[in-house]
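Residue numbers run from 1 in the order of the sequence given. Predicted model, so just to flag it, every value in this text is computed and none were measured. Hydrogens, waters and symmetry mates are skipped; everything else that's a heavy atom, side chains included, is used.
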Amino acid sequence: MPTPVLLSALMTASAAVTPLPAEPETFRFHADHVLGTSLDMAVAGASPAEAQFAFAAAQAEIARLDRVLSGWRDDSEIAALNASEGAVVSSDLFAVIGACETWRVRSDGAFSARLGLVEAAWSDAGRRPEAQALCDKAEAARTPLTLDPARRFVSRPDGVRFAPDGLAKGYILDAALAAARRAAPCAQGMLIDIGGDLVCAGARDWTVGVADPARLQDNAAPLATLRLANRALAVSGPGPRDRQVEGQAISHLLNPATGQPAPRAQAAVIAPRAIDADALATALAVLPPAEGLRLAARVPGAEALILAADGTAHQTAGWAALTCQAATPLPAAFQLEVGFDLPKVAASNYKKPYLVVWVTDADKAPVKTLLILGAKAEYHEDNYVWWRRYGRKQPGLLDAVARPTRAPGHYAVGWDGTDDKGARVPQGRYIVHIEATREHGGHSYETFEVDLGAKPLQTSAPAKDELGAVAVRYGTLK
């Protein structure tokens, strides 16, 4: 689940007009119906083939571990363990059960993967009265079990059905990232997101959002926006798995001490590994906020935000340092204008140029394509900066935005400060790009790095090849 960078900067009197160093391209992938949700992945600084290899490797590892850890499949390895009194298991299942037991002790019982029978009772309205008795049976949350690492043997006490969902996704995320990095060792950065829980690695930062539990629409503004590098984020709390009991929503998370639904609180946790972030988020969504913060403080490298059932927010001391501050929007009356000349080139086979003007944020993420002159994709491929990074990924863009090519002369295009979705962007640093190519001619590419705030600015660049002079103005234009 990735969100736009929110930046705020003071406006400068002029802007650089020389081309910026090439940024590593980021390839993005999406797949539905993965672990009952969706998979999103970003690979930066790799070739297209390497990025595809990384995504394929991550998908294969996720599918492999789903066959091991899924509590929703009758043919999974954990289903076989739950049907026995104990078994010799794979290294993956042994590692997950072992981690669950470690976190059960570490959280003083707030996290438990032993309540599968209790969860099943809550899923069946007719059996809900049995939940407390099932939780108490054989002290399901406390009965010792055998973990023999020499044989990888796991015993299953009476009354226990393993349900490691609160940690298994994190284990899968860590494993998928490791598999992807082996498949594309030269990639500069990767991020894998499964249903809002994610892990990232590499020599770059990623900007991600934490969903607001009060606004669960896919396009809702995030509760918090974070800047992460080589870390994992897990969120536990209200969601589509919550149950309806007598017309009232109750949490799908159970308190291991009682077998009853926990208060509908949300916990977001950042940690070096996804497995730890996942387990800690589950525990913090069950514990009272003060106890949860004390537990998070004992976990090296972890930071947390807890939104209690009464709506109050509680966070660890280091959470704010990872949060992107909310930015001020551009002034409502301000606009940006790009004026450009198309020169007349002396050539017997002169063709009108194909041209693109677009805006990105400081990280080169697309904000809005302002103008496309020429409607034939085969010629826009020669505008290779725009085409490779954005145009080919948005097949409907030419039909929606393109205009006929223009004869030599002076032209202007405006930007009202909104993104492709119509939302007004925040103040901060942006890059204005203009690129032109001509059939049987040359290629020109110009960029302007501009700090857009509450003060006007003007900057320009001289003629270059297929482009004449270019000027950028920002403010209350007339």
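- Applying the ring pair (Phe, Tyr, Trp, His ring centres under 6.0 Å) test to residues at least two apart or on different chains, none of the pairs has a partner in residues 182-201.
- Heavy atoms only, all atoms of each residue included: Ala274 and Val199 are closest at CB-CB, 4.3 Å.
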Where do Arg73 and Asp66 land on the side chain to side chain contact (heavy atoms under 4.5 Å, CB included) test, with the steps shown first? CA-CA 9 Å; Arg73 297 176 55 147; Asp66 183 49; 3.1 Å; yes
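- Counting heavy atoms from C-beta on, the side chains of Gln427 and Pro331 come closer than 4.5 Å.
- A donor-acceptor pair under 3.5 Å is formed between the side chain of Tyr474 and the backbone N or O of Gly453.
- In plain terms, the two heavy atoms of Glu61 and Arg64 that are nearest each other are OE2-NH2, 2.9 Å.
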Could you go through Leu355 and Leu467, starting from their C-alpha distance and side-chain angles, then the distance that decides it, and tell me whether this counts as side chain to side chain contact (heavy atoms under 4.5 Å, CB included)? CA-CA 9 Å; Leu355 179 139; Leu467 282 172; 3.8 Å; yes
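- Annotation: side chain of Thr282 is not in contact with side chain of Leu167 (no heavy-atom distance under 4.5 Å).
- Within the 4.5 Å cutoff, no side-chain heavy atoms of Phe111 are placed close to those of Leu295.
- In this structure, Val357 and Trp415 have side chains that are not in contact, with every pair of non-hydrogen atoms separated by 4.5 Å or more.
- Shown are Val385, Val367, Leu371, Ile372; of these, the side-chain contact (heavy atoms from CB on, under 4.5 Å) with Trp358 is made only by Val385.
- Here the CG atom belonging to Leu336 is positioned 8.0 Å from the CG atom belonging to Leu370, to the nearest 0.5 angstrom.
- Residues Val208 and Leu191 form a side-chain contact, since some pair of their non-hydrogen atoms from C-beta on lies under 4.5 Å apart.
- For the residue pair Ser38 and His30, no side-chain donor N or O sits within less than 3.5 Å of a side-chain acceptor on the partner.
- Side-chain polar atoms of Ser90 and Asp92 form no donor-acceptor pair below 3.5 angstrom.
- Using modelled atom types, no side-chain atom of Lys368 and backbone atom of Gly417 make a donor-acceptor pair closer than 3.5 Å.
- Side-chain N or O atoms of Glu466 include none that pairs as donor or acceptor with a backbone N or O of Pro353 at under 3.5 Å.
- Panel note: side chain Glu291, backbone Pro288; no donor-acceptor pair is recorded below 3.5 Å.
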May I have the step-by-step check of side chain to side chain contact (heavy atoms under 4.5 Å, CB included) for Asp40 and Arg28, ending in yes or no? CA-CA 7 Å; Asp40 290 280; Arg28 300 182 186 276; over 6 Å; no
When you look at Arg429 and Asp451, which way does the salt bridge (charged side-chain N to carboxylate O under 4.0 Å, His left out) test go after all the steps? CA-CA 4 Å; Arg429 179 159 295 179; Asp451 288 320; 2.7 Å; yes
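- Once rounded to the nearest 0.5 Å, the distance linking CG of Leu65 with OG of Ser70 reads 11.5 Å.
- Atom NE2 of residue His433 and atom OG1 of residue Thr447 lie 6.5 Å apart, to the nearest 0.5 angstrom.
- Between Pro164 and Ile78, the closest heavy-atom pair is CD-CD1, 3.3 Å.
- Looking only at atom types and distance, the side chain of Thr207 has a donor-acceptor partner in the side chain of Arg227 under 3.5 Å away.
- In this structure the side chain of Leu173 never reaches within 4.5 angstrom of the side chain of Leu198, judged on heavy atoms.
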Test Thr26 against Arg204 for side chain to side chain contact (heavy atoms under 4.5 Å, CB included), laying out the working first. CA-CA 11 Å; Thr26 298; Arg204 64 157 290 172; 3.3 Å; yes
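- Judged purely by atom type and a 3.5 angstrom limit, Ser236 has no side-chain atom pairing as donor or acceptor with the backbone of Ala285.
- Going from atom OH of Tyr171 over to atom CZ of Arg273 covers 10.0 Å, rounded to the nearest 0.5 Å.
- In this structure, Ala201 and Leu177 approach most closely via the heavy-atom pair CB-CD2, 3.8 Å.
- To the nearest 0.5 Å, the span separating CG on Leu284 from CD1 on Ile306 amounts to 4.0 Å.
- Between Trp319 and Leu226, some side-chain heavy-atom pair lies under the 4.5 Å cut-off.
- Using modelled atom types, one side-chain atom of Lys169 and one backbone atom of Ile194 make a donor-acceptor pair closer than 3.5 Å.
- Ala179 and Ala57 make their closest contact through O-CB, 3.7 Å (heavy atoms, listed as atom of the first residue, atom of the second, distance).
- Trp103 pairs by the ring pair (Phe, Tyr, Trp, His ring centres under 6.0 Å) definition with nothing, not counting sequence neighbours.
- Inter-residue side-chain proximity for Tyr411 and Leu342 is flagged as met; some heavy-atom pair is nearer than 4.5 Å.
- Side-chain atoms of Thr437 do not come within 3.5 Å of backbone N or O of Tyr354 as any donor-acceptor pair.
- No donor-acceptor pair under 3.5 Å is formed between the side chain of Asp363 and the backbone N or O of Ala365.
- Taking every heavy atom of both residues into account, Val269 and Ala304 meet most closely at CG2-CB, 4.1 Å.
- Rounded to the nearest 0.5 angstrom, Asp197 CG and Asp278 CG are separated by 5.5 Å.
- Panel note: side chain Ser444, backbone Lys464; a donor-acceptor pair is recorded below 3.5 Å.
- When atom types are taken as modelled, the side chain of Arg264 and the backbone of Ala262 share no donor-acceptor pair closer than 3.5 angstrom.
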